[in-house]
Amino acid sequence: MVRDLRATLVGRRIDSVEVLRSDVLRVPAPDVLPAILVGQRVAGVDRRGKFIMVELDSADHLVVHLGMTGHLLVTAAEAPLPKHTHLRAGLDDGRELRFDDTRRFGRVAYGSPSALQDARVLPRLGLEPLAAGFSQEAFDSVMRRTTRTVKAALLDQAGVAGLGNIYIDEACFVARVRPTRRSHKLTRAERVRLRVAIQTVLLNAIANRGSSVDDYRDIWNAQGSNQEALQVYGRGGEPCLVCGTVLRRTVVAGRTTVYCPHCQR
DNA sequence: ACCTACCTGGCC
DNA sequence: GGCCAGGTAGGT
């Protein structure tokens with residue numbers, strides 16, 4: 001999404017802003033946001049963990065988290081407004097950037113990254129799994145310092161940023177590690193496999209343009225294809241694609257979790 | 001380190 | 001009507 005947004009938005013000027021549902025906007029107040037944004041051009045688009053950061057020429061950022069059902073869409077300005085569109089920004093090319101979110105677990109905020117941290121919109125985020133800093137040493141230190149399950153440790157965005165329920169189960173399968181294992185008890189070899197698996201799973205998902213299991217759509221409202229490549233997520237009770245053993249479905253760290261009891265130890 | 005609430009919609 | 005869902009803040 002960030003790559004597509006960058007190619008589409010950088011250099012565009014915001015000509016209008018409408019906040020249709022103010023409770024998704026954390027900061028600033030919904031009535032002042034339009035005046036702040038209108039006239040600004042998009043300077044860049046980046047990502048930190050699951051947060052999409054649209055930088056404007058003021059150097060402040062429009063920050064978006066999609067939650068479970070959020071969408072950031074680029075549409076024609078005259079395209080019909082779906083029921084759960086909460087914010088729209090008209091661009092100087094006749095298109096619109098829209099934030100849409102059925103369950104409203106997502107959120108939008110605008111400000112400097114440090115002010116957004118102070119406002120507790122941006123939490124403390126850990127290692128970026130696709131950046132150079134994701135070394136074995138750094139990952140080891142994250143995993144060794146907690147007694148929680150591997151699943152819980154990886155769900156915590158302060159350790160490794162950006163992993164969610166789907167990709168954690170997939171990475172654990174590729175690494176042949178049960179998500180129920182205690183994080184600090186993994187062997188060095190298991191942590192190496194897990195680190196590599198996290199990167200492999202994420203890079204594949206990106207290459208496949210995302211996992212449209214349910215609601216995920218790209219900025220053109222198109223589905224990805226990575227849901228077809230998932231090996232365990234959503235497959236509880238079905239045979240393991242490697243060994244044929246029935247995949248086990250349980251709840252770990254409060255989340256539905258699927259693993260192969262034979263391949264994963 | 002865990003548990004619940006926050007929302008809407010789809011399915012049984 | 002009840003249960004479940006890609007996430008996370010805030011409480012205990």
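All chains are named by letter (A, B, ...) in the order of the sequence lines, taking the proteins before the strands, and each is independently numbered beginning at 1. For clarity, every value in this text was computed on a predicted model and none was experimentally measured.
Of all nucleotides in DNA chain B having an atom under 4.0 Å from a heavy atom of chain A, the first and last in 5' to 3' order are B:dA1 to B:dG9.
Its side chain outside the 4.5 Å cluster rule for every partner, A:V252 clusters with none of the Ile, Leu, Val, Met, Phe, Trp and Tyr residues. Other members of the cluster containing A:F105 are A:M68, with ILVMFWY side chains joined at under 4.5 Å, either directly or via other members. A:V27 forms part of a hydrophobic cluster together with A:F51, A:M53, A:V63, A:L116, A:V121, A:L122, A:L125, judged by ILVMFWY side-chain heavy-atom separations under 4.5 Å.
Outside the 6.0 Å centre-distance limit, the rings of A:Y259 and A:F173 are not counted as a close aromatic pair.
The pair A:R21-A:D101 does not meet the salt-bridge criterion, since no charged nitrogen lies less than 4.0 angstrom from a carboxylate oxygen. A salt bridge between A:D100 and A:R98 is absent, with no side-chain N of the basic residue lying under 4.0 Å from a carboxylate O of the acidic one.
Residues from residues 139-154 of chain A with heavy atoms under 4.0 angstrom of DNA chain B, sorted by number: A:T146, A:T147, A:R148.
A search for ring pair (Phe, Tyr, Trp, His ring centres under 6.0 Å) contacts involving A:Y233 returns nothing, not counting sequence neighbours. Evaluation of the salt bridge (charged side-chain N to carboxylate O under 4.0 Å, His left out) rule for A:E190 yields A:R181 as partners, not counting sequence neighbours. Every residue was checked against the salt bridge (charged side-chain N to carboxylate O under 4.0 Å, His left out) condition with A:R193, not counting sequence neighbours, and none meets it.
Within 6.0 Å of atom CZ in A:R265, more than 12 heavy atoms from other residues, nucleotides or ligands are found, so the atom counts as buried in its surroundings.
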Hey, can you pull the donor-acceptor pairs under 3.5 Å for the side chains in residues 77-84 of chain A, sequence neighbours left out?
none

Sugar-phosphate or base contact per nucleotide [nucleotides 7-12 of chain C; S, B, -; heavy atom under 4.0 Å]: BBS---

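Among the protein residues, A:R124 comes within range of no part of the nucleic acid, since none of its heavy atoms lies under 4.0 Å from any strand. Looking at heavy-atom distances under 4.0 Å, A:Y233 makes contact with sugar-phosphate atoms alone, never a base.
Spacing of P atoms, C:dA9 relative to B:dG9, comes out at 24 Å, to the nearest Å.
Closest heavy-atom contact between A:G234 and A:V258: N-CG2, 4.4 Å.
Residue pairs meeting the salt bridge (charged side-chain N to carboxylate O under 4.0 Å, His left out) criterion with at least one member in residues 128-142 of chain A, sequence neighbours excluded, are A:R47-A:E128, A:R48-A:E128, A:D140-A:R188, A:D140-A:R191.
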Which nucleotides of DNA chain C pair, in dot-bracket form (Watson-Crick or G-U under 3.5 Å, | meaning another strand): |||||.||||||

